[in-house]
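Shown next, in structure tokens, is the structure this report addresses.
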2 protein chains.
Amino acid sequence: MVTMSDVAREAGVSMMTVSNVLTGRKRVGEPTRDRVLAAVESLGYEVNLTARHLRAGRTDTVALIVPSFHDYFGEVADRIAPLIEAGGRHLVVERTSADARSEMESLSLPRLQMYDGVFLSVAGLHADELDRVPSSAPIVLLGEREVPGRFDHVRLANVEGARLATAHMLERGARRVLALGGAVGSSAGMESDRQTGWAQAHRAAGLAPGERLVVPVPDFTSEAAFHAVVRLLDDGVPFDGVFAVNDTVAFGAVAALTERGVHLPDEVQLVGFDNLGVSRFVPPGITSVDPGYDAVAATAVRLLEQRMTGSDAPREHVTIPVQLVERGSTRRLR
Amino acid sequence: MVTMSDVAREAGVSMMTVSNVLTGRKRVGEPTRDRVLAAVESLGYEVNLTARHLRAGRTDTVALIVPSFHDYFGEVADRIAPLIEAGGRHLVVERTSADARSEMESLSLPRLQMYDGVFLSVAGLHADELDRVPSSAPIVLLGEREVPGRFDHVRLANVEGARLATAHMLERGARRVLALGGAVGSSAGMESDRQTGWAQAHRAAGLAPGERLVVPVPDFTSEAAFHAVVRLLDDGVPFDGVFAVNDTVAFGAVAALTERGVHLPDEVQLVGFDNLGVSRFVPPGITSVDPGYDAVAATAVRLLEQRMTGSDAPREHVTIPVQLVERGSTRRLR
DNA sequence: TCGGGCCGGATTAACGATAAACCGAGGAGG
DNA sequence: CCTCCTCGGTTTATCGTTAATCCGGCCCGA
């Protein structure tokens with residue numbers, strides 16, 4: 001590996017002069033600069049960022065740590081990346097430990113301080129992992145779980161979104177709306193808030209949110225949702241609406257209903273959550289709760305940059321408003 | 001920031017002893033170790049990975065650098081991550097510069113050497129950017145473009161896949177199969193190889209791959225594909241099959257056809273490419289060319305690890321076989 | 001003519017961790 | 001009783017870069 005001192009020797013100058021030429025931080029005489037640049041070129045020198053980072057005490061890099069590269073966080077990543085780059089930093093995306101065998105070591109504290117700042121999704125985390133994270137670190141939490149007040153946190157208006165989604169179907173004549181992917185027993189994930197909204201909408205409409213309408217979906221995969229809905233149909237469980245706790249789950253439901261010849265939205269209406277890019281294109285178009293991705297990204301970046309400047313402003317817990325996007329999976333109100 | 005020397009002072013030992021306790025590389029006496037661990041605990045010390053990386057000359061980190069977090073590369077990332085972690089390293093995902101304004105600086109050579117190895121998608125790169133990358137670097141290229149022989153490269157059997165896909169529809173009665181997202185003029189991306197396969201299938205069936213059947217889709221987005229297909233329908237262009245150069249494009253086509261009341265697969269058959277996770281759930285189920293993601297990931301990781309061990313084995317250009325996955329968007333052969 | 005700037009560049013001293021060499025004390029073996 | 005080894009540590013030097021300081025001319029104004 002060719003180092004700065006190789007370049008310095010080749011150009012017959014000191015290392016500092018090479019450094020100054022490359023960073024432009026101090027003036028260097030024309031002829032000297034040319035010699036240095038020529039040496040850089042001929043040796044193929046590239047600065048060692050690891051050394052620079054150690055020396056500088058920062059990495060100019062921000063990490064987004066998520067449980068999966070897909071779906072909601074894929075969308076968020078796409079929005080956050082340009083904002084971070086606009087601030088002169090790089091964004092890297094990491095998964096909370098990929099291997100299921102040892103989810104203990106999923107969150108490595110030493111790795112956190114490699115980054116100038118971190119967006120951390122709390123979805124895949126255990127509560128005690130969060131306890132070990134020092135509040136001094138420039139971290140913004142993302143996700144729908146309850147988190148300690150000592151962190152900045154960006155979340156969605158889950159209750160409101162679920163209420164909107166469910167009310168939307170009830171207004172259009174649905175009477176038995178499933179909570180697909182709903183919380184069974186006690187749960188602290190996004191599904192519990194969304195189920196709360198689902199229940200609220202029922203009560204507001206003078207209906208009882210029946211226990212039997214809550215359908216768990218393991219891992220919230222399309223696959224699991226598909227099978228869950230197929231089973232409901234096989235068992236003859238009556239329903240005329242589906243509130244899917246997220247669009248991934250909704251996909252499975254749509255496939256199951258379509259394959260069984262159940263017409264959307266005439267026989268069953270369906271609303272998802274997250275408004276993924278593809279949802280608009282899944283026939284008949286999935287009505288979905290849009291999280292306001294740009295607002296999520298902008299807020300998260302604002303909070304993180306505030307924290308990275310060393311501000312000791314009080315931590316903020318921001319709830320991003322959501323909006324229902326109407327598509328073909330629900331009926332038109334006439 | 002609390003450093004190892006703080007811990008050493010607190011515990012009344014040398015820094016090396018602290019280091020040895022934490023890494024376990026040398027034996028340390030019981031009482032001493034306890035004092036060190038107590039000091040670590042009370043000061044809240046975490047090792048500085050940047051310093052460790054500089055000293056060690058490696059980062060134990062591998063990067064996957066892709067144009068977007070979505071679709072094909074999202075799937076690949078999910079497969080590569082566990083394999084890399086199994087090798088004791090971490091995987092981070094980066095986007096080739098998010099901002100469209102300056103795609104020049106998208107590939108920063110200094111950043112490359114921060115990683116022990118790099119998977120680099122060539123999709124978003126200009127040819128000259130690749131020229132600047134030294135062949136000595138442990139890099140494996142991913143993607144469907146032609147690349148210099150001095151790099152390891154993993155690609156898909158694009159021609160074969162497209163041929164399979166198109167022949168599949170022709171065998172089932174289609175006579176006018178669009179190449180949706182096909183190459184107009186000269187192109188070196190995935191679309192040109194896939195269009196070649198589309199044309200081959202036509203000729204093998206004794207048909208002429210008509211110029212008018214090639215429909216460009218800017219940026220290969222669902223949105224653009226949607227509009228392209230809507231325009232075809234409006235213009236009354238006759239077709240009874242669609243080969244979409246990838247599933248994202250296919251989604252747009254499916255939505256356009258469905259919304260216009262064109263029945264899949266009776267009136268128009270459709271095949272995509274990439275077999276994304278969601279494709280199975282998009283009604284009526286998208287027949288798609290499956291890239292063999294596991295093989296892609298395994299091959300890429302094998303090549304990179306070989307390169308990272310310093311092997312000077314000849315560079316390999318591997319073409320991963322593909323397989324057609326039949327679903328509802330094409331007819332059943334009886 | 002002399003002191004004070006300024007300019008272009010070299011020297012020094014870190015950033016935080018660790019490999020390698022070193023060293024004192026205690027025990028085993030001849 | 002002396003040598004040699006092992007154990008449990010310490011010291012030294014280094015990874016590659018850069019902030020801070022220093023230094024020798026040269027020009028300029030008084």
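Every chain is numbered from 1 and lettered A, B, ... according to where its sequence line falls, protein lines coming before strand lines. The model shown is predicted, which means the values in this text are computed figures rather than measured ones.
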Would you check, one step at a time, whether the test side chain to side chain contact (heavy atoms under 4.5 Å, CB included) holds for A/Leu91 with A/Glu85? CA-CA 7 Å; A/Leu91 181 76; A/Glu85 299 211 349; 5.6 Å; no
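- A donor N or O paired with an acceptor N or O is found under 3.5 Å between the base of D/dG9 and the side-chain atoms of B/Lys26.
- Between B/Asp60 atom CG and C/dT18 atom P the separation is 12 Å, expressed in whole Å.
- Relative to the side chain of B/Thr32, the nucleotides C/dA17, C/dT18, D/dG9 differ in distance, and D/dG9 lies closest.
- The CZ atom of A/Arg52 sits 18 Å away from the C1' atom of C/dG16 (whole-angstrom rounding).
- No contact: B/Val18 has no heavy atom under 4.0 Å from any strand.
- What separates CD of B/Glu30 from P of D/dG9 is a distance of 10 Å, to the nearest Å.
- Candidate nucleotides C/dG16, D/dG16, C/dA17 were compared by shortest atom distance to the side chain of A/Asn48, and D/dG16 ranks first.
- Mapping B/Ala56 and B/Gly12 onto DNA chain D by nearest heavy atom places B/Gly12 closer to the 5' end of the strand.
- Between B/Ala51 and B/Pro31, it is B/Pro31 whose nearest contact on DNA chain D lies nearer the 5' terminus.
- Rounded to an integer number of Å, the gap from B/Arg27 CZ to D/dG9 C1' is 13 Å.
- Nearest-nucleotide assignment on DNA chain C puts the 5′-proximal partner with B/Thr50, out of B/Thr50 and B/Arg25.
- Within 4.0 Å (heavy atoms only), A/Gly57 reaches no atom of the nucleic acid at all.
- Exactly one of B/Asp152, B/Val140, B/Val154 qualifies for a side chain to side chain contact (heavy atoms under 4.5 Å, CB included) with B/Thr299. That residue is B/Val154.
- The distance from atom CG of B/Asn20 to atom P of D/dT11 is 14 Å, rounded to the nearest whole Å.
- In this structure the side chain of B/Glu75 reaches within 4.5 angstrom of the side chain of A/His70, judged on heavy atoms.
- The one candidate from A/Arg58, A/Arg89, A/Glu94 that meets the side chain to side chain donor-acceptor pair (under 3.5 Å) condition with A/Tyr115 is A/Glu94.
- Contact check, B/Thr17 against D/dT10: a side-chain N or O comes under 4.0 Å of OP1 or OP2.
- For B/Ser14, the side-chain atoms get nearest to D/dT10 when compared with the rest of D/dT10, D/dT18, C/dT18.
- One donor-acceptor pair, N or O on each side, does fall under 3.5 Å between the base of D/dT18 and the side chain of A/Arg55.
- Atom CG of B/Leu54 is separated from atom P of C/dA19 by 13 Å (rounded to the nearest Å).
- Across C/dG8, D/dT10, D/dA20, the shortest atom-to-atom separation from the side chain of A/Met16 is found for D/dA20.
- The CG-P distance, from A/Leu22 to D/dG16, rounds to 16 Å in whole Å.
- Rounding to whole angstrom units, CE of residue A/Met4 and P of D/dT17 are separated by 5 Å.
- Classified by interplanar angle (parallel below 30°, tilted 30° to 60°, perpendicular above 60°), the ring pair B/Tyr293/B/Tyr72 is tilted.
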